[in-house]
Asker: 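Following this message is one structure expressed as structure tokens.
The model shown is predicted, which means the values in this text are computed figures rather than measured ones. Only this structure's heavy atoms are used, side chains among them; waters, hydrogens and symmetry mates stay out. Per chain, numbering begins at 1; letters A, B, ... match sequence-line order.
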Protein chains: 2
Amino acid sequence: MPDQTDAAAAAETGGIQKVFEALSSAARRKILAYLAHSSLTAGEIADRFDMSKPSISQHLGVLESAGLVRKEKRGQYVHYSIVQESLANTLNSYVQEVCPVSRPLKKESAALKDRSDADES
Amino acid sequence: MPDQTDAAAAAETGGIQKVFEALSSAARRKILAYLAHSSLTAGEIADRFDMSKPSISQHLGVLESAGLVRKEKRGQYVHYSIVQESLANTLNSYVQEVCPVSRPLKKESAALKDRSDADES
DNA sequence: ATGGTAATTAGCTTACAGCCTAAATAATGG
DNA sequence: CCATTATTTAGGCTGTAAGCTAATTACCAT
């Protein structure tokens with residue numbers, strides 16, 4: 001198996017519940033949006049929120065246990081990065097399941113794509 | 001604008017939070033799975049669960065307010081149906097947002113697609 | 001060693017989701 | 001009308017998610 005497919009597989013196999021639960025929080029979605037752009041340390045993430053570091057740490061824990069992010073300790077820092085495969089596969093599979101039709105995506109999506117995720121908080 | 005794009009638009013515009021919150025419950029995802037197959041009355045839905053009718057009614061309310069289902073009163077029955085557009089557009093847009101790469105979907109998805117949604121409860 | 005910075009763990013509080021039962025509303029049929 | 005059935009509303013209980021502060025662990029530098 002290639003690469004970090006472990007996390008992706010975990011999220012898809014038994015973790016649908018955990019994934020959706022993780023995504024149900026605006027703060028966590030915001031974290032994912034940041035990480036989609038680039039990896040960050042726990043502190044850098046916390047700096048972008050008006051929330052205590054322990055709270056952010058907890059959110060990161062939820063995301064990690066859902067297989068949506070990966071952490072790597074480097075020195076005294078902990079770098080977090082997104083696991084795209086996991087999110088994409090889980091959500092795509094789910095849509096296929098519930099909406100078998102699955103049109104490719106309408107025009108609107110293009111517009112939506114532009115809106116920063118930040119303003120959804 | 002075509003069809004019942006209202007609900008879909010609502011879900012996409014301001015309701016991302018509501019949609020993900022709605023999807024965070026296994027019971028509600030199960031309801032959606034049933035409705036994906038065919039429309040049902042509130043009672044028919046409740047019959048499929050080991051849960052009181054008021055509780056199911058509440059779940060249906062959450063799904064409706066997220067724009068994921070539509071209700072139509074016919075006689076003394078209330079028929080619920082899924083709003084595919086809403087779910088598909090919201091989730092697809094979200095995936096595009098966070099995982100710009102968006103490969104079409106790997107082999108695994110086919111396998112996953114087969115598993116009944118029921119056993120995720 | 002000591003002190004400083006990064007991050008997490010522990011412990012506590014509060015708010016609310018989710019479940020239930022009982023009661024209310026609405027439609028149907030005798 | 002009155003009884004019956006379908007569904008929702010009201011009200012209450014309980015568990016837990018999510019936030020905070022204080023304390024701990026881990027690492028680095030002097």
Asker: Here's a test of your reading of the structure: between Q58(B) and A27(A), which maps to the more 5' nucleotide of DNA chain D?
Answerer: Q58(B)

Asker: Is it the case that the side chain of R28(B) and the backbone of L23(B) share a donor-acceptor pair, with hydrogens and angles ignored and the cut-off at 3.5 Å?
Answerer: no

Asker: Starting at CD1 of I31(A) and ending at C1' of dG19(D), how long is that distance when rounded to a whole Å?
Answerer: 14 Å

Asker: Okay, side chain of Q17(A), backbone of S24(B): is any donor-acceptor separation there less than 3.5 Å?
Answerer: yes

Asker: Between L68(B) and V83(B), is there a side-chain heavy-atom distance shorter than 4.5 Å?
Answerer: no

Asker: Mapping R74(A) and R28(A) to their closest nucleotides on DNA chain D, which lands nearer the 5' end?
Answerer: R28(A)

Asker: Measure the distance from CG on L60(A) to C1' on dG19(D) and round it to the nearest whole Å.
Answerer: 15 Å

Asker: Output the single nucleotide from dA18(D), dT7(D), dT8(C) whose closest atom is nearest the side chain of V78(B).
Answerer: dT7(D)

Asker: Quick one: is K73(B) getting a side-chain N or O under 4.0 Å of the dT8(D) phosphate, OP1 or OP2?
Answerer: no

Asker: In whole Å, I'd like the distance from the CG atom of L63(B) to the P atom of dT7(D).
Answerer: 16 Å

Asker: Does any N or O in the side chain of T90(A) come within less than 3.5 Å of the main-chain N or O of S86(A), such that one atom is a donor and the other an acceptor?
Answerer: yes

Asker: Side chain of Q76(B): nearest nucleotide among dA22(C), dT28(C), dT8(C)?
Answerer: dT28(C)

Asker: Which residue lies toward the 5' end of DNA chain C, Y77(B) or K53(A), if each is placed at its nearest nucleotide?
Answerer: K53(A)

Asker: Could you give the CD-to-P distance, from Q17(B) to dA17(D), as a whole number of Å?
Answerer: 16 Å

Asker: Tell me whether the rings of F20(A) and F20(B) are parallel (<30°), tilted (30 to 60°) or perpendicular (>60°).
Answerer: tilted

Asker: Using atom CG of D50(B) as one end and atom C1' of dC20(C) as the other, report the distance to the nearest whole Å.
Answerer: 13 Å

Asker: Looking at dA6(C), I'd like to know if its phosphate oxygens (OP1 or OP2) sit under 4.0 Å from a side-chain N or O belonging to Y80(A).
Answerer: no

Asker: Can you figure out which of dA27(C), dT9(C), dC19(C) approaches the side chain of M51(B) most closely?
Answerer: dC19(C)

Asker: I need the CD1-C1' distance between I56(B) and dT9(D), as an integer number of Å.
Answerer: 16 Å

Asker: So does H59(A) get a side-chain nitrogen or oxygen closer than 4.0 Å to the phosphate oxygens (OP1/OP2) of dA17(D)?
Answerer: no

Asker: DNA chain C: G75(B) or S55(B), which has the more 5' nearest nucleotide?
Answerer: S55(B)

Asker: Using only side-chain N and O atoms of T41(B), determine if any of them is under 4.0 Å from OP1 or OP2 of dA6(D).
Answerer: no

Asker: Taking only N and O in the side chain of S57(A), is any of them less than 4.0 Å away from OP1 or OP2 of dA7(C)?
Answerer: no

Asker: Send over the distance from K71(A) NZ to dT9(C) P, rounded to a whole Å.
Answerer: 6 Å

Asker: dA17(C) P sits how many Å from K18(B) NZ, rounded?
Answerer: 11 Å

